[in-house]
There are 2 protein chains.
Amino acid sequence: MNESTAPGRVGDVRRRNLSLVLDSIARTGDAKPSRAQLAAGTGLTKAAVSSLVADLVDSGLVSEVGLYRDGERGRPGQGLELSSRRGVIGMEINVDYLAVGLVDLGGNLRFHASVESRNRGLAAEKVMERLGGLAAEAKAAASAEKIAIMGGGLAVPGLVDGQHNMVLSAPNLHWENVQLHPRTLLEGAPLGVRLSNEANSAALGELWYGGGRPDFLYVSGEVGVGGGVIIGSELYTGPGGSAGELGHIVVHPEGPACSCGGAGCLETFAGQEAIFKAAGIPEGSLGGRTELLLAALAAQDPRATKAVHDAGRYLGVALASSARLMDIEAVVLGGHFALLAEWLRPALLASLERYAPGLLEPGNLTVSGLEHSGTLLGAAGQVIRSVIESPFEFLLASKLA
Amino acid sequence: MNESTAPGRVGDVRRRNLSLVLDSIARTGDAKPSRAQLAAGTGLTKAAVSSLVADLVDSGLVSEVGLYRDGERGRPGQGLELSSRRGVIGMEINVDYLAVGLVDLGGNLRFHASVESRNRGLAAEKVMERLGGLAAEAKAAASAEKIAIMGGGLAVPGLVDGQHNMVLSAPNLHWENVQLHPRTLLEGAPLGVRLSNEANSAALGELWYGGGRPDFLYVSGEVGVGGGVIIGSELYTGPGGSAGELGHIVVHPEGPACSCGGAGCLETFAGQEAIFKAAGIPEGSLGGRTELLLAALAAQDPRATKAVHDAGRYLGVALASSARLMDIEAVVLGGHFALLAEWLRPALLASLERYAPGLLEPGNLTVSGLEHSGTLLGAAGQVIRSVIESPFEFLLASKLA
DNA sequence: CCATTTAGTTTTCAATCTGAACTATATGGG
DNA sequence: CCCATATAGTTCAGATTGAAAACTAAATGG
């Protein structure tokens, strides 16, 4: 006997419709819909919407924002919007910086701060302590703006087990099977702190607060090459949660050994270190190397140009294979690759045309406009979306607290 | 306003529970559960299960099979099973044969027939006519066994648009944008005939009636190299429906041009034609070439051995990339590759170990045991599963007819 | 100032689950 | 042989919830 699926109960209908109405309000965004508009949009009756909205307003997730007067005849509607008094704190640990952001339910970044921090090889406790300082700033900003913090999201550049708050492997931080205690960053937040992968969070940020296409592959060029796969407006994580590892796709079977133990991986051709090395830019401060590279490219330095050209070519090989395997039709470049896009894009497009002609239209290869805040928005957004998708569970969690 | 999601109605609960109960009966399979066991397994009350089962029995999808007597005390239960009087016809068009099978609701292959047919380059009308002859045999077998035919599934080796019954591209048949009329093969079947891709169907057949693992990549080595991705016990088709094109993953950036317009694709190294050519087996009858190849391998012919070794090596590259990108942890070899498995497997495993060490355990690289019937079972199974997942809709469709 | 229009609420009804009581049918000990 | 016990399955009252329709509320405009 298989009991994996829960039986449908009468009350499930309300859970679903609560979410449907809340999601409609979220999607409609600035338009601030009335109950009647929600009824038309969702297919529910006005009576049902009224009842559902009453619950959402009681819970504090939705606020009425005055009358909706547009000069038409008839009684004006009450505009509804996601409460701007509820927020989530997004946090990010990366190789050379830490960042936090306060995001309200509507997805507005209400506060933002970051500090440089050489985290590579640093103990997790030390990093979490520094991050705690930043989180305290965000909490102070929240109470100054009277925003109640529902929970937090923490993104790290590595493979994570969000269920157990473990960083399974973050090679660029030199972390392996590190247990984190993210909840301590935000004591008292009813929904706790959700740990997630940096590239996946950035992809979700792009989905919810950026381009907004329902299907795309986000390519994160931080120190490593990562990826986030969005299919049908959802993050595809695969059965084990580690899908999207674009950096370790094999792009040349005779390629050099990779830190992952394999060989010929994309990261050995298009990772930051590989590009710097090929461009002949010596080790120094990381920020400085990126600037030197950009300067060299601007000056049409041949080694730099070739380095980026080769990276684009191999990125094209990886994207061609990815598009074939996962039927991906759009790609968003983020991180380092966004900075290099001007020089990277032509080689990448030529490579795609060679290996998978016609599969990806050039217009569907875009650059992320969110820059570094994409990761914060995505990390916080995961908690916000969980509330929008299961408001009933949030009501319970709030009542218990 | 976004109206993509339908509102929850009170009646949805019953739809869901109808499916839940039917699915429980299907999964329990030979055990023929009683209503009380179903109640325990699903979490529903006995009252609810009784009411749901009554509807399912009325519809003819489920039959009572006498008392369930096991020597225990208490009233014996009525055993329930999927009706063996309802069936679906699975059909397959491939490059050099046609096949049909009659599959009952419980997944038993009750009748099977195939004929050789050189379909490459043949007009679709002609092929469908021949297939119609085979389908008539299956229909006769069904009426002889008093099985009512609910619908059919038709698998073809190419990219299809099931919604519009179009074969968008089947290069090995030389079909391009061909409109089919599969419904004419089974006049009067209430659910019509569902068109699908051959590799995807074989993967689904493996899922439902073969190994039964919830996450795996099925590799179909027919004339081309295809793939079917199963994630969370569902077929992953990607946003456009063409995911799993393993044959056109780039495994060598300096590789030869491919028929798809790209270069260095897996198919140019591991397709049937490529292997035959590399093994030095001249063109003749297709069946004969396979036999010659197997004989040469058995005789340890160096060219044949190297050809298969190379194919395995490049297949390993493609699988390493796939595993990284989609987090795939198990692979099932089908078709041609199943026949060659003995010689292919060592090279493939060595290649995986080189390019993605530790990612795929050797025990998770298996060979399909269903052989050619896997595709038929999968093609028919898609219709069977659609009934199990939406019995309510099937009841409506049946009542209209 | 009242007809018209649109927003939102109240009321009645039907669907469907749960829970408890009840009926049906077996086993087994005295 | 009969009755206590156990298990299967049914019946019925109660609760939740959305649909449909009637109703109330609040605006515009001639």
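Proteins get letters first, then strands, A, B, ... in listed order; numbering begins at 1 in each.
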Footprint string (nucleotides 11-24 of chain C, 5' to 3'): B base within contact, S backbone only, - free, heavy atoms under 4.0 Å: ----BBSBB----B
Mind checking salt bridge (charged side-chain N to carboxylate O under 4.0 Å, His left out) for D327(A) and listing every partner two or more places apart, or none if nothing turns up? none
When rounded to whole Å, the CG to P distance for the pair L38(A) and dG18(D) reads 14 Å
Rounded to whole Å, the CZ-P distance (R16(A) to dT17(D)) equals 15 Å
State whether D12(A) and R16(A) are salt-bridged, where the test is any N-O pair (Lys NZ or Arg NE/NH1/NH2 against Asp/Glu carboxylate O) under 4.0 Å. no
Sidechain-backbone polar pair: D104(A) side chain, G107(A) backbone, donor-acceptor under 3.5 Å: yes
What is the distance, rounded to the nearest whole Å, between atom CZ of R73(B) and atom P of dT5(D)? 9 Å
At under 4.0 Å between heavy atoms, what does S50(B) touch on the DNA or RNA strands: base, sugar-phosphate, or nothing? base
Does the side-chain contact (heavy atoms from CB on, under 4.5 Å) test come out yes or no for E389(A) and F394(A), once each step is laid out? CA-CA 10 Å; E389(A) 275 157 31; F394(A) 173 73; over 6 Å; no
Look at the side chain of L67(A) and decide which nucleotide, out of dA27(D), dG9(D), dG8(C), has an atom nearest to it. dA27(D)
Under a 4.0 Å threshold between the charged nitrogen and the carboxylate oxygen, would R14(B) count as salt-bridged to D55(B)? yes
Within-4.5 Å side-chain heavy-atom neighbours: F216(A) and E206(A): yes
